[in-house]
Amino acid sequence: MSSFDDSDAFEQASLSARAMAARGVDYLDDLNPAQRAAVEQLDGPVLMLAGAGTGKTKALTVRIVHLLKTGTARPDEILAVTFTNKAAREMKDRVGGMLGQPAEGMPWLGTFHAICVKLLRRHAELIGFDRDDVVIESADDRVHLKSNFTILDTDDQLRLLKQLVQAAGIDDKRWPARMLAGIIDDWKNRALTPDKVPAGDAGAFNHKGVELYAQYQRRLVELNAVDFGDLLLHMVCIFQASPDILEQYRRWFRYILVDEYQDTNVAQYLWLRLLAGGHRNICCVGDDDQSIYGWRGAEVGNILRFEKDFPGAKVVRLEQNYRSTPHILAAASNVIRGNENRLGKELWTEAQDGEKVRLIGHWDGEEEARWIGEEIEAMQGGTRRARPFGLDEMAVLVRASHQMRAFEDRFLTIGLPYRVIGGPRFYERMEIRDAMAYFRVVVSPEDDLAFERIVNTPKRGLGDKARQTIQATARAQGVPLLRGAAIAVENGLIKGKGGAALRDLVTGLARWGRMVGDAGVTHIELAEIILDESGYTAMWQNDKTPEAPGRLENLKELVKALEGFENLQGFLEHVSLIMENDAGDAGAKVSIMTLHAAKGLEFPAVFLPGWEDGLFPSQRSMDETGLKGLEEERRLAYVGITRAEEVCTISFAGNRRVYGQWQSAMPSRFIDELPEDHVEVLTPPGLYGSTGGSMGGSTPAPTVDSRAARADVYNSPGWKRMQARAARPGQSTGLSQPRESRTVVIDAEAVSSFARGERVFHQKFGYGEITGIEGDKVEVAFEKAGTKKVVARFLSASDDIPF
DNA sequence: GAGCGCCGTTTTTTT
DNA sequence: AACGGCGCTC
């Protein structure tokens, strides 16, 4: 609100900006021509296609500075949107740094969600419904949001949905609330209110999806709550329904900047298009080749369509890369070239040659982890060709988080310090949610979901029965649960220990509530009082599980985090939007993370393990969305390779344990797409016959040297067979050979090569006899390991064994 | 109401 | 394999 009213501060700010502008625009000098073009075109639609490592953030920040310093816009007239808080913070810092003063004067630089919260708080009353089924008599005949609405987290959302699913008489086992949450989320991402859900989606969730969605939206309003999707959805609805309000903001936000435009979903796209509709001063920055969030509603189409949406748009390509060696760029470029749907960019660099992308194949996942662990240790000391790398200069990037375990296990055993990025986030941990729920109830006694969470945490002897009593009382009186609980206690409806404990809780909450505005108690002290007097701290102190001490630590951290805020409300607001990752622990460590988490980061040395068909590209992705999915996987490969500055090492394993079962796999088709000239195939130590995949004719022929003597397990026919298949000669691109046909061949071969009663050999379990065959799975009675079901491909006829 | 054991699931993740 | 959720039993 303040930003709309007190414009004096901004007058002054822009005056000094003009003064600075008079001194010249030297900040433009260290931009390259493309960056400069994107910065200087201030008016009209601009699409900045910024490849990986091309100085995108720099161009974006300079553009903001340019808008300010030329006096084109005041700080509060610029709407600058990002996806993550991290990106927002970085931009704020950099703009502030360039201006030589904190950029706090930019109230509209933030994430989509943070900005929407601000807007929605001003117009909350526009979201609601007419009360047609009068249950509770009230002066209002319309139920609507209030500006102090709460933002539900996923947990609250699920609990609410589950209640609705059960109330609708649907078996929540066959139709889990999670699924419904996903469907609703999808609809919200597409800016579909219940009445706009297309007929084609009507069958969703046992034909009850739309109805439940409508009920859910109603309940949210009744609870004075919104979920994340609502933040955008509601604002789009308001803009669409109230042209005058839209007009007001169109006039206010004179310049719009959008970061990571390729990640926008339909709702965000509509929101932007509505706001930019008048002046069209919108600059979208993004990289279609790095769109990797299609599975959560992002539409690459938005960026591909930009010129159609904004005719006359200026499109600037940032293609000069300042991050990686030419070999790495060539590898990335060649892979991404396989995508049909892209605008097309070619990264180039002035950098010198550097090392080729390294490729190595391993027998199994453990072997791969072992090798990478050793390689990391070796690279710390420096190798013949490469400089020494610090641990924090190296990263292992995986496709799926379950792949991280192999590396954690391995690094733990060899004592290699590592850090996992993107693990369970601080504010998603149980104890933090519990504590926050206490704060929420204290601050807003009508927060039913929070009350439900804490009513029996710690255990107060309040089970289902007590809960039902409380709920019935509250419903009968038309009051929130906490008030209902108070009434139930007064009337002695809950007996025994539980009743006494509930009385304590209710009086406690009331007491703490009175302390919220009390000047004598800081909010930090209040937080401690709440956690102690409620018995929550004691609960963990008495807990003997190994996690308990850590949880107490986290609670301490939570209280410490309060220091940065003026009151509990402010903190709760912040947390519901931030969900920050507090991986701030110091010390040089190797980073392990998913490819998704790695977007936007860079490391001198990068390891990309698990490049096997089915794992990467992920089978599921291809099954669910076909070519679209494959292209997104390929972009993920592109993102992975372009994270590397100096050394990029790609690897695959022939066998891997997936969900407890051994599975063998082909090297990833993306490996076929790596350009031979820029790849060096490494030979694993002690491995005879390694070819490192289907690098075709250029692959150094495996040499029969002294290593042959050490060839033990790797010399098995199964391994050789896999190698032979992986190394089909003459296929350097892989494009000409459909992968499917190869897979079929292998399966047929594998299935047909064994018969019941045959004696076989298995790498892990030794010798055995086949007792049954089902498809490609074979039951084998092993001599030492007992009877097990294994994948046929993993077996070899025992007479093949050369020793 | 708490504890145990069975069953089903299992990509990627921000806000 | 490993975890979480649910239902059953005490």
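Lettering of chains follows the sequences in order, A, B, ..., and the numbering in each one begins at 1. The model shown is predicted, which means the values in this text are computed figures rather than measured ones.
- Among B:dT11, B:dT13, B:dT15, the nucleotide with an atom closest to any side-chain atom of A:A400 is B:dT11.
- Residue pairs meeting the side chain to side chain donor-acceptor pair (under 3.5 Å) criterion with at least one partner in residues 291-300 of chain A, sequence neighbours excluded, are A:W295-A:H596.
- Residue A:D155 contributes atom CG, which lies 16 Å from atom C1' of B:dT14 at whole-angstrom precision.
- Protein atom CD1 of A:I292 is 12 Å distant from nucleotide atom C1' of B:dT11, rounded to whole Å.
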> Quick one: what's the B/S/- string for nucleotides 1-10 of chain C, heavy-atom cutoff under 4.0 Å, read 5' to 3'?
Replying inline: BS---S----
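- Under the rule for a ring-ring contact (aromatic ring centres under 6.0 Å, His included), the partners of A:Y213 that lie at least two apart in sequence or sit in another chain are A:W187.
- For A:H402 and B:dT10, the NE2 to P distance is 12 Å, given to the nearest whole Å.
- Distance, A:Y293 OH to B:dT13 C1': 6 Å, rounded to whole Å.
- When heavy atoms are screened at a 4.0 angstrom cut-off, A:Q157 is found touching no nucleic acid atom at all.
- Listed pair A:T594 / B:dT11 fails the phosphate criterion, with no side-chain N or O lying under 4.0 Å from OP1 or OP2.
- Residue A:E260 contributes atom CD, which lies 15 Å from atom C1' of B:dT15 at whole-angstrom precision.
- Nucleotide B:dT13 holds its P atom 21 Å from the CZ atom of A:F112, rounded to whole Å.
- For the ring-ring contact (aromatic ring centres under 6.0 Å, His included) condition, the pairs that include at least one residue of residues 157-177 of chain A, sequence neighbours left out, are A:W175-A:F205.
- For A:F83 and A:F112, the ring centers sit closer than 6.0 Å to each other.
- Per the geometry, CG belonging to A:D186 stands 20 Å off P belonging to B:dT15, to the nearest Å.
- Across all strands shown, A:G461 has heavy atoms under 4.0 Å from sugar-phosphate atoms exclusively, and none from any base.
- Listed nucleotides: B:dT15, B:dA2, B:dT13. Nearest to the side chain of A:N456: B:dA2.
- The nearest heavy atom of DNA chain B to A:L636 and to A:K459 marks one nucleotide each, and the one closer to the 5' end goes with A:K459.
- Here B:dT15 is the nucleotide among B:dT11, B:dA2, B:dT15 with the atom lying nearest to any side-chain atom of A:T111.
- Each of A:K86 and A:E624 was matched to the nucleotide of DNA chain B holding its nearest heavy atom; the match closer to the 5' end belongs to A:E624.
- Between A:N85 and B:dT14 there is no side-chain N or O to OP1 or OP2 distance below 4.0 Å.
- Annotation for A:A87 and A:T82: closest pair CB-CB, 3.9 Å, computed over non-hydrogen atoms.
- Contact between the side-chain N/O atoms of A:R399 and the OP1/OP2 oxygens of B:dT11 is not found at any separation under 4.0 Å.
- By the salt bridge (Lys or Arg N to Asp or Glu O under 4.0 Å) test, A:R453 pairs with A:D155, A:D434, sequence neighbours left out.
- The separation between A:H113 atom NE2 and B:dT14 atom P is 12 Å, rounded to whole Å.
- Within 4.0 Å (heavy atoms only), A:L595 reaches no atom of the nucleic acid at all.
- The side chain of A:R296 lies closest to B:dT14 when the candidates are B:dT14, B:dA2, B:dT11.
- Contacts of A:D623 classified as side-chain hydrogen bond (donor to acceptor under 3.5 Å, both in side chains), with partners at least two apart in sequence or in another chain: A:Q619.
- Aromatic pair A:H123/A:Y249: centroids less than 6.0 angstrom apart.
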